[in-house]
Amino acid sequence: METSKQAPSSWNVPNALTVLRILMVPLFLWLLLVQGGQDPVLRLWAFGIFCLAMITDWIDGTVARKYGLITDFGKIADPIADKALMSAAFIGLAIIGGPGGLPWWVPVIILVREYGITVMRLIVVKKIVLPASKGGKIKTVLQTVAVGLLLLVVPVGHLGISGLTVGLLVVAWVILVAAIVQTLWSGMQYVVDVSRALKQAG
């Protein structure tokens, strides 16, 4: 007689890390925005919190998959934590503007795509569930690196080495443009995959 496998408890390390990441978001945003985002020390702290949050994202996913600790709570809370952190980063950098910040069209393009796809997932989830694509993962990596570099612009600029600051900005924007292209491409690819899956499902 087969026995059904007991679902893991929601009280586990991956979910605790996810909650911790959510709690980091307001702290990160405050550190980024206080004093107009131009204090090099606070900006460096914001960079550290951002990196720590992204590390917890990798750890909780790895641990959950390795030890079978994937829960319904985690499936909901993990993407919420990811979206909250990246939204805070892009919107915060747009509020700051100027060197080391962003023009508003960047977060508009990226976040409209991100939340649009999220809504689509919720609409079709009862019929089909598509796993995260390789393109989506590349998009996340590019966005993360671009944000991280932009967070460092003010601390590096405080050193007074103009060439280094300009170089950092150039690299950050090259990666950011690649992130925008990959964000749009992966979004279109997801729409195509959903359309195909729905047709196959009748």
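Remember, predicted model here, so these are calculated numbers, not experimental data.
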From CA spacing to verdict: side chain to side chain contact (heavy atoms under 4.5 Å, CB included), Leu93, Leu32: CA-CA 8 Å; Leu93 288 169; Leu32 178 59; 4.2 Å; yes
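- Ile59 and Phe73 are members of different hydrophobic clusters when ILVMFWY side chains are connected at heavy-atom separations under 4.5 Å.
- Residues Met86 and Val147 have side chains in contact (heavy-atom distance under 4.5 Å, counting atoms from C-beta outward).
- Both Val171 and Leu142 are part of a single hydrophobic cluster, where members link through side-chain heavy atoms under 4.5 Å apart.
- Cluster annotation: Met188 and Ile110 are assigned to distinct hydrophobic clusters (Ile/Leu/Val/Met/Phe/Trp/Tyr, side-chain heavy-atom contacts under 4.5 Å, transitive).
- Within the 3.5 Å criterion, the main-chain N or O of Val154 finds no donor-acceptor partner in the side chain of Arg43.
- In this structure, CG in Leu42 is found 6.0 Å from CH2 in Trp30, a value given to the nearest 0.5 Å.
- Tyr115 and Val106 fall within the same hydrophobic cluster, where Ile, Leu, Val, Met, Phe, Trp and Tyr residues are linked whenever their side-chain heavy atoms come under 4.5 Å apart, directly or through other members.
- For the residue pair Thr165 and Gly157, the shortest heavy atom distance occurs at OG1-CA, 3.3 Å.
- When all heavy atoms are compared, the tightest approach of Thr118 to Glu114 is OG1-O, 2.9 Å.
- Note: Leu33 CG to Phe28 CZ = 8.5 Å, rounded to the nearest 0.5 Å.
- For the pair Asp39 and Val34, the minimum side-chain heavy-atom distance is 4.5 Å or more.
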Check against side chain to side chain contact (heavy atoms under 4.5 Å, CB included), Leu31 and Phe47: CA-CA 9 Å; Leu31 289 168; Phe47 171 78; over 6 Å; no
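- Closest approach of Gly136 and Ser186 over heavy atoms only: N-CB, 4.1 Å.
- The environment of CH2 in Trp185 is sparse: at most 12 heavy-atom neighbours from other residues, nucleotides or ligands sit within 6.0 Å.
- If you chain together hydrophobic residues whose side chains sit under 4.5 Å apart, Val170 and Val145 never meet in one group.
- For the pair Leu149 and Leu168, the minimum side-chain heavy-atom distance is below 4.5 Å.
- Residues Ala172 and Leu150 share a closest heavy-atom pair of CB-CD2, 3.9 Å.
- Between the CE atom in Met54 and the OG1 atom in Thr140 there is a gap of 7.0 Å [rounded to 0.5 Å].
- Counting heavy atoms from C-beta outward, Ile109 and Phe90 have side chains that stay 4.5 Å or more apart.
- Going from atom CG of Leu85 over to atom CG of Leu29 covers 10.0 Å, rounded to the nearest 0.5 Å.
- Distance check: Asp57 CG to Asp82 CG gives 4.0 Å after rounding to the nearest 0.5 Å.
- Taking all atoms of both residues into account, the shortest heavy-atom contact from Arg21 to Ala53 is CD-O, 3.0 Å.
- In this structure, the separation between CD1 on Ile175 and CD1 on Ile180 is 12.5 Å, given to the nearest 0.5 Å.
- Contact of the Leu176 side chain with the Leu102 side chain is registered, since non-hydrogen atoms from C-beta on lie closer than 4.5 Å.
- No side-chain heavy atom of Leu27 sits under 4.5 Å from any side-chain heavy atom of Leu23.
- Contact detail for Lys139 and Ala179: the closest heavy-atom pair is CG-O, 4.4 Å.
- The shortest side-chain heavy-atom distance between Asp60 and Val13 does not fall under the 4.5 Å cut-off.
- Counting heavy atoms from C-beta on, the side chains of Trp104 and Ile91 come closer than 4.5 Å.
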